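Here is the structure we will look at.
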Number of protein chains: 2
Amino acid sequence: MPDWRSICPLSSALDVFGDKWSLLIIRDLAMYGTRTYSEFLNAPEKISTNILASRLKTLEEFLLIEHVNSDASSRGNPYKLTESGVDLLPVAIAFRVWALKYLPEFHENLSDFPVIIK
Amino acid sequence: MPDWRSICPLSSALDVFGDKWSLLIIRDLAMYGTRTYSEFLNAPEKISTNILASRLKTLEEFLLIEHVNSDASSRGNPYKLTESGVDLLPVAIAFRVWALKYLPEFHENLSDFPVIIK
DNA sequence: CCGCATCCGTTACGATACTG
DNA sequence: CAGTATCGTAACGGATGCGG
């Protein structure tokens with residue numbers, strides 16, 4: 001549990017997700033529906049194993065993701081979004097819309113790839 | 001300029017803003033219209049001076065904020081949002097909406113305070 | 001004073017090796 | 001295959017300095 005910096009909802013959301021990786025995990029789950037640990041590792045951004053494990057734990061604690069088979073072992077047991085996780089997609093989409101409009105002048109190779117819920 | 005992790009727009013946006021502070025600067029500018037360096041320091045989250053200076057520089061580089069008096073010295077010269085900065089507000093608002101719905105169970109004292117463009 | 005820059009201890013990150 | 005342990009590096013954050 002973070003040390004909440006203030007009572008502001010935006011600030012508090014950033015206390016939980018204010019990092020470079022959490023929303024990419026949400027993105028992968030939105031694109032593919034379910035995803036295993038090793039599938040997350042294959043995303044083009046190449047997250048390292050300790051960071052992935054740490055983020056998955058936080059996202060589980062805050063009830064954004066859960067294992068598909070809730071009481072099986074985690075081996076080969078993929079993750080999926082909860083309702084709360086699905087409700088984070090507007091954030092990811094707003095970032096996408098902004099980035100596609102304003103980042104191409106800074107990032108030549110930036111290209112559109114979709115965020116789709118399956 | 002960051003080392004872009006991939007060509008994904010979301011990932012690239014996070015390469016720029018994937019931290020706990022940048023969106024709070026955007027929030028303060030949205031709430032108050034303009035804001036000086038020392039006014040940012042008075043926000044309840046208590047950012048430290050070196051981090052504030054660093055974030056302001058990045059936000060200026062990416063054309064999200066600018067000084068109100070474009071060719072005056074920076075002493076007492078407040079910042080304001082550019083068009084690009086204003087277009088980041090949907091991200092902040094989406095975070096807010098999500099936080100107000102899902103964070104109260106984790107953060108008792110969380111309370112609504114507005115994001116308004118003046 | 002106000003807007004930073006510098007210093008420096010502490011924390012977080014990230015690559016790799018390793019374990020059940 | 002799903003994570004831990006380790007360890008070097010980078011970022012953070014508080015204190016302080018400094019020029020205008």
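Every heavy atom of this structure was used, including side-chain atoms; hydrogens, water molecules and symmetry mates were not. Note that the coordinates shown come from a computational prediction; the quantities given were computed from them, not determined experimentally. Throughout, protein chains are lettered first and strands after them, A, B, ... in sequence-line order, and every chain is numbered starting at 1.
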Per-residue pairing states of DNA chain C in dot-bracket (Watson-Crick or G-U under 3.5 Å; . unpaired, | other strand) read ||||||||||||||||||||

Nearest whole angstrom, please: distance from the [atom2] of [N] to the [atom1] of [X].
| X | N | atom1 | atom2 | value |
| --- | --- | --- | --- | --- |
| Lys57(B) | dG3(C) | NZ | P | 16 Å |
| Asp3(A) | dA12(C) | CG | C1' | 14 Å |
| Leu52(A) | dT16(C) | CG | C1' | 15 Å |

When we call it a touch if two heavy atoms are under 4.0 Å apart, what does Thr49(A) touch: a base, just sugar-phosphate, or nothing?
base

How is Thr36(B) classified with respect to the nucleic acid when contacts are heavy atoms under 4.0 Å: base, sugar-phosphate, or nothing?
sugar-phosphate

When you compare the side chains of [X] and [Y], does any donor N or O come within less than 3.5 Å of an acceptor on the partner?
| X | Y | answer |
| --- | --- | --- |
| Asp15(A) | Ser12(A) | no |
| Glu45(A) | Ser6(B) | yes |
| Ser22(B) | Asp19(B) | yes |

Less than 4.0 angstrom from a charged side-chain N to a carboxylate O is my criterion; do Arg55(B) and Glu60(B) meet it?
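Judged by the 4.0 Å cut-off on N to carboxylate O distance, Arg55(B) and Glu60(B) do not form a salt bridge.
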
Please give me the minimum heavy-atom distance between Pro104(B) and Leu110(B), naming the atom from each residue.
CG-CD2, 4.3 Å

Here the pair of heavy atoms bringing Thr34(A) nearest to Glu39(A) is O-OE1, 4.2 Å

Given the rule in the ring-ring contact (aromatic ring centres under 6.0 Å, His included) test, do Trp21(A) and Phe40(A) qualify, once you have shown the distances and angles that lead to the verdict?
CA-CA 11 Å; Trp21(A) 295 107; Phe40(A) 285 122; over 10 Å; no

Which is more 5' along DNA chain D, the nucleotide nearest Lys46(B) or the one nearest Tyr79(A)? Just name the residue.
Tyr79(A)

Take Arg75(B) and Ile47(B), find for each the nucleotide of DNA chain D with the closest heavy atom, and name the residue whose nucleotide sits nearer the 5' end.
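Whichever sits nearer the 5' end wins; that is Ile47(B).
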
Please work out whether the ring planes of Phe17(A) and Trp98(B) are parallel, tilted or perpendicular, with thresholds of 30° and 60°.
perpendicular

Check the interface with nucleotides 8-12 of chain D: list each N/O to N/O pair with the protein under 3.5 Å, or write none.
residue: dC12(D); atom: OP1; partner: Arg55(B); partner atom: NH2; Å: 2.4
residue: dC12(D); atom: OP2; partner: Arg55(B); partner atom: NH2; Å: 2.9

